[in-house]
Amino acid sequence: MNSAELVAWYERERRDLPWRDPSVSAWQILVSEFMLQQTPVVRVLPRWLEWVDRWPTPSATAAASPADILRAWGKLGYPRRAKRLHECAAVIATEHGDVVPDDVQTLLTLPGVGSYTARAIACFAYGQWVPVVDTNVRRVVARAVQGLADAGAPSATRDEAAVAALLPNDESTPTFSAALMELGAVVCTARSPRCGICPLSSCAWRSAGFPAGEAVPKRVQKYAGTDRQVRGRLLDVLRDSTTPVQRNALDVVWLTDPAQRDRALDSLLVDGLVEQTEDGRFALCGEGDDARGACGA
DNA sequence: AATGCGTGGCG
DNA sequence: TCGCCAAGCAT
């Protein structure tokens with residue numbers, strides 16, 4: 001892969017995303033990475049802008065209540081990410097002097113920070129030479145380098161080695177990794193890739209005549225009718241109420257299957273997103289002043 | 001290793 | 001319409 005032509009394309013065509021601004025702090029980059037886990041850029045944009053303005057540092061974030069955090073997270077989805085981001089802020093504030101760690105090993109110890117996010121922070125916030133592998137990068141490498149329509153099953157070790165082999169050995173590494181991700185996001189997309197505008201002069205998939213991928217039945221997760229949908233509806237009610245709600249206010253969001261509803265509510269309690277007051281009502285964790293700490297936050 | 005975890009837009 | 005997809009992580 002010709003890194004120079006990819007970087008040149010990126011410098012010319014890249015989207016003007018606010019977390020790419022050089023003035024953005026490592027913590028704010030970390031926030032963007034949490035929000036972008038499994039969530040499209042367009043949905044993250046307004047949330048991120050509000051969030052970093054309201055809580056610009058780890059300690060400021062840690063000082064917020066879980067309820068405030070969950071409301072600011074809004075409907076980004078996967079609210080456990082918001083809780084982990086809150087926990088992550090507390091760990092950085094108390095154990096790392098309010099400074100986001102700069103090495104992958106330490107980053108991996110933080111709540112909600114996995115292989116991708118740790119490397120993204122080390123690379124994009126600190127300019128380190130580390131392979132950054134997300135779903136876009138895996139797809140681009142599978143096509144341009146391996147000549148396959150789609151990436152195979154994820155394997156962190158193997159995938160990172162494959163990307164490391166492509167990384168330029170100079171200060172352009174972060175730009176190259178960003179460019180790889182950008183290419184996968186806007187050109188070399190999962191469905192209907194825009195090969196007509198691809199900046200790569202060499203692509204193994206194109207050279208091979210765009211062979212179709214094997215019909216791997218990678219099962220798609222259902223949503224309608226799942227516990228996740230019920231959890232979403234329950235949290236919707238709780239986000240909208242600044243006071244604890246009665247059980248029947250939650251019951252009405254899912255009447256078809258009371259057992260499922262109870263299971264979903266229980267899982268929210270287990271996850272530490274929701275708590276029950278002494279009089280049996282329900283609220284987001286940390287809703288009231290005296291409720292702080294009940295969720296271990 | 002496979003599964004659970006939100007949400008909404010698009011073809 | 002509805003299946004598919006979107007900068008993953010934890011268990």
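Naming convention: chains lettered A, B, ... in sequence-line order (proteins, then strands); numbering from 1 in each chain.
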Under the salt bridge (charged side-chain N to carboxylate O under 4.0 Å, His left out) rule, collect the residues that match up with A/Glu50, sequence neighbours excluded. A/Arg47
Between atom [atom1] in [X] and atom [atom2] in [N], what is the gap in whole Å?
X: A/Arg228; N: C/dC9; atom1: CZ; atom2: C1'; answer: 14 Å
X: A/Asp266; N: B/dG4; atom1: CG; atom2: P; answer: 17 Å
X: A/Lys75; N: B/dC5; atom1: NZ; atom2: P; answer: 17 Å
X: A/Tyr78; N: C/dA10; atom1: OH; atom2: C1'; answer: 13 Å
X: A/Glu33; N: C/dC9; atom1: CD; atom2: P; answer: 9 Å
X: A/Arg47; N: B/dG6; atom1: CZ; atom2: P; answer: 17 Å
X: A/Lys222; N: B/dA2; atom1: NZ; atom2: P; answer: 19 Å
X: A/Asp271; N: B/dG6; atom1: CG; atom2: C1'; answer: 13 Å

Contact class for [X] (heavy atom, under 4.0 Å): base, sugar-phosphate, or nothing?
X: A/Val113; value: sugar-phosphate
X: A/Arg139; value: sugar-phosphate
X: A/Ala120; value: nothing
X: A/Trp73; value: nothing
X: A/Ala185; value: sugar-phosphate
X: A/Thr135; value: sugar-phosphate
X: A/Ser115; value: sugar-phosphate

Taking atom [atom1] in both [N] and [M], what distance in whole Å separates the two?
N: C/dA6; M: B/dA1; atom1: P; answer: 23 Å
N: C/dT1; M: B/dG8; atom1: C1'; answer: 15 Å
N: C/dA7; M: B/dT3; atom1: P; answer: 23 Å

Pull out every residue in residues 232-263 of chain A that has a heavy atom closer than 4.0 Å to any atom of DNA chain C, ordered by number, or say none. none
Distances under 3.5 Å between protein N/O atoms and the N/O atoms of nucleotides 9-11 of chain B, please, pair by pair.
none

Closest-nucleotide mapping onto DNA chain B: is A/Tyr223 or A/Arg84 further toward the 5' terminus? I mean the 5' end.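 On the 5' side of the pair lies A/Arg84.
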A/Ala190 vs A/Leu108, nearer the 5' end of DNA chain C by closest nucleotide: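 Taking each residue's closest nucleotide, the earlier one in sequence belongs to A/Ala190.
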Find which nucleotide of DNA chain C each of A/Gly112 and A/Trp19 is nearest to by heavy atoms, and output the residue with the more 5' nucleotide.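 The residue whose closest nucleotide sits nearer the 5' end is A/Trp19.
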Got more than 12 heavy atoms from elsewhere within 6.0 Å of CD, A/Glu11?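 Correct, the count exceeds 12.
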